[in-house]
2 protein chains.
Amino acid sequence: MTGDFLAIGELGRRTDTKVETIRYYERIGLLAAPGRTAGNYRAYGSEHLNRLSFIRRSRDLGFSLDHVRALLGLADQRNRSCDAVDAIAKEHRAEVDRKIADLHALRRELDNMIDQCRCGTVADCRIIDALSP
Amino acid sequence: MTGDFLAIGELGRRTDTKVETIRYYERIGLLAAPGRTAGNYRAYGSEHLNRLSFIRRSRDLGFSLDHVRALLGLADQRNRSCDAVDAIAKEHRAEVDRKIADLHALRRELDNMIDQCRCGTVADCRIIDALSP
DNA sequence: TATGGACCCTGTAGCAACTACAGGGTCAAG
DNA sequence: CTTGACCCTGTAGTTGCTACAGGGTCCATA
């Protein structure tokens, strides 16, 4: 695997992606199947590197694979308005907000519970109490 | 299904749990298998109702099934110190804190990205830019 | 007594988004 | 010519359910 092409392991190192994950992305049609070498190794070019970097970055930002798929599709239609991109990002942000709110509420409840524990026996444990019906 | 016993559907209604979920909990050994009626229906008693309520409450607080399993085990040893219970709760709280922090960081990044979008064409979309390598 | 509908049974497959093998083939260095 | 790092396919596991398919049971009503 010399010259312009990358083996899957090298692509993985450059994008901080596990080899199995790359193959998985290919299987579900997120990353185009690359050409093969004589020995049937996948041979990736720079377009794959770019594409996978985009995917990884989107995933790091918490977008679902469905959202990533949509973003990739939109990114290719250079002349379109980017409203749809904006909409996906905002929808995602709203969901992140919901999750944060949920976790804050959860945290408050956990705090209440833990604060009341006097660490005696289980029989008079306030945490167990709080969980019991 | 009269008297002291509950059919699975009734147990589900009382604990706000889907029937399939109850059977799932039984399958993975989280909820003890109840007796059966002549017609092979599961017949739950009040101990199952209490147990499942405990499970649901723990799940609502975000404990993993493994944690719930541990908490159930501890809840039964009434004479033990409740340190282990406390430890599980605090570990869980720490994880919730981590998740909150992660989501806050994520939210900031999303905000930056979305704020820069001038909503022109995809070709000069800042969101796509931000995702691209 | 028959029948309809609500309920129950088991078993299996599906979801997200990977991850981890098993059991093999390829390639380059020493 | 062998060793070890890499690659291949295919399948099964993870978490916590959820959704069938294809049947059996129970009870009220006609």
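If you're wondering where the values come from, they're calculated on a predicted model, not measured in any experiment. Computed over heavy atoms, backbone and side chain alike; hydrogens, waters and symmetry mates excluded.
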> Do A:Thr17 and A:Leu11 have side-chain heavy atoms sitting under 4.5 Å apart?
Replying inline: no
>> Per the salt bridge (charged side-chain N to carboxylate O under 4.0 Å, His left out) rule, what does the pair list look like for residues 70-81 of chain B, sequence neighbours excluded?
In response: B:Arg51-B:Asp76
>> Restricting to ring-ring contact (aromatic ring centres under 6.0 Å, His included), what partner residues turn up for A:His92, sequence neighbours left out?
In response: A:Phe63
> At what angle, to 10 degrees, do the two end axes of the helix from C:dT1-D:dA30 to C:dG30-D:dC1 meet, given five pairs define each axis?
Replying inline: 30°
> Just how far, in rounded Å, is P of C:dT19 from CG of A:Asp16?
Replying inline: 11 Å
>> Short of 4.0 Å, heavy atom to strand atom, which residues of residues 49-65 of chain B count as contacting DNA chain D?
In response: B:Arg59, B:Ser64, B:Leu65
> Can you list the residues that meet the side chain to side chain contact (heavy atoms under 4.5 Å, CB included) rule with B:Thr121, with sequence neighbours excluded?
Replying inline: B:Ala123, B:Asp124
> What residues, two or more places apart in sequence or in another chain, satisfy side chain to side chain contact (heavy atoms under 4.5 Å, CB included) together with A:Asp66?
Replying inline: A:Ser64, A:Arg69
> Using a heavy-atom distance cut-off of less than 4.0 Å, which residues of residues 17-29 of chain B contact DNA chain D?
Replying inline: B:Lys18, B:Glu20, B:Thr21, B:Tyr24, B:Tyr25
>> Please report the interatomic distance CD(A:Gln116) to SG(A:Cys125), rounded to the nearest 0.5 Å.
In response: 10.5 Å
>> In the structure I gave you, are the side-chain heavy atoms of A:Ile22 and A:Tyr44 within less than 4.5 Å of one another anywhere?
In response: yes
>> So, using side chain to side chain contact (heavy atoms under 4.5 Å, CB included) as the criterion, who are the partners of B:Asn112 when residues are at least two apart?
In response: none
> Do B:Ile128 and A:Phe54 touch side chain to side chain, with heavy atoms closer than 4.5 Å?
Replying inline: yes
> Considering residues at least two apart in sequence or located in another chain, which fulfil the side chain to side chain contact (heavy atoms under 4.5 Å, CB included) criterion with A:Arg59?
Replying inline: A:Tyr25, A:Ile55, A:Leu65, A:Val68
>> Tell me the interatomic distance from B:Asp66, atom CG, to D:dG13, atom P, rounded to whole angstroms.
In response: 17 Å
>> Test: salt bridge (charged side-chain N to carboxylate O under 4.0 Å, His left out). Region: residues 16-34 of chain A. Which pairs qualify, not counting sequence neighbours?
In response: A:Glu26-A:Arg42
> With sequence neighbours left out, which residue pairs that include part of residues 103-113 of chain B fulfil the salt bridge (charged side-chain N to carboxylate O under 4.0 Å, His left out) condition?
Replying inline: A:Arg57-B:Glu109, A:Arg93-B:Asp111, A:Asp97-B:Arg107, B:Arg107-B:Asp111
>> Within the structure provided, determine whether A:Asp86 and B:Ile127 are in side-chain contact (heavy-atom separation under 4.5 Å).
In response: yes
>> Using whole Å, what does the distance between atom P of nucleotide D:dG16 and atom NE2 of B:His67 come to?
In response: 10 Å
Tabulate protein N/O versus nucleotide N/O from nucleotides 2-7 of chain C, keeping only pairs under 3.5 Å, one per line.
from, atom 1, to, atom 2, distance (Å)
C:dC7, O2, B:Tyr41, OH, 3.4

> Reckon A:Arg42 has a side-chain N or O less than 4.0 Å from the OP1 or OP2 of D:dC8?
Replying inline: yes
> Can you check the A:Leu31 CG to C:dC18 P distance for me, whole Å?
Replying inline: 13 Å
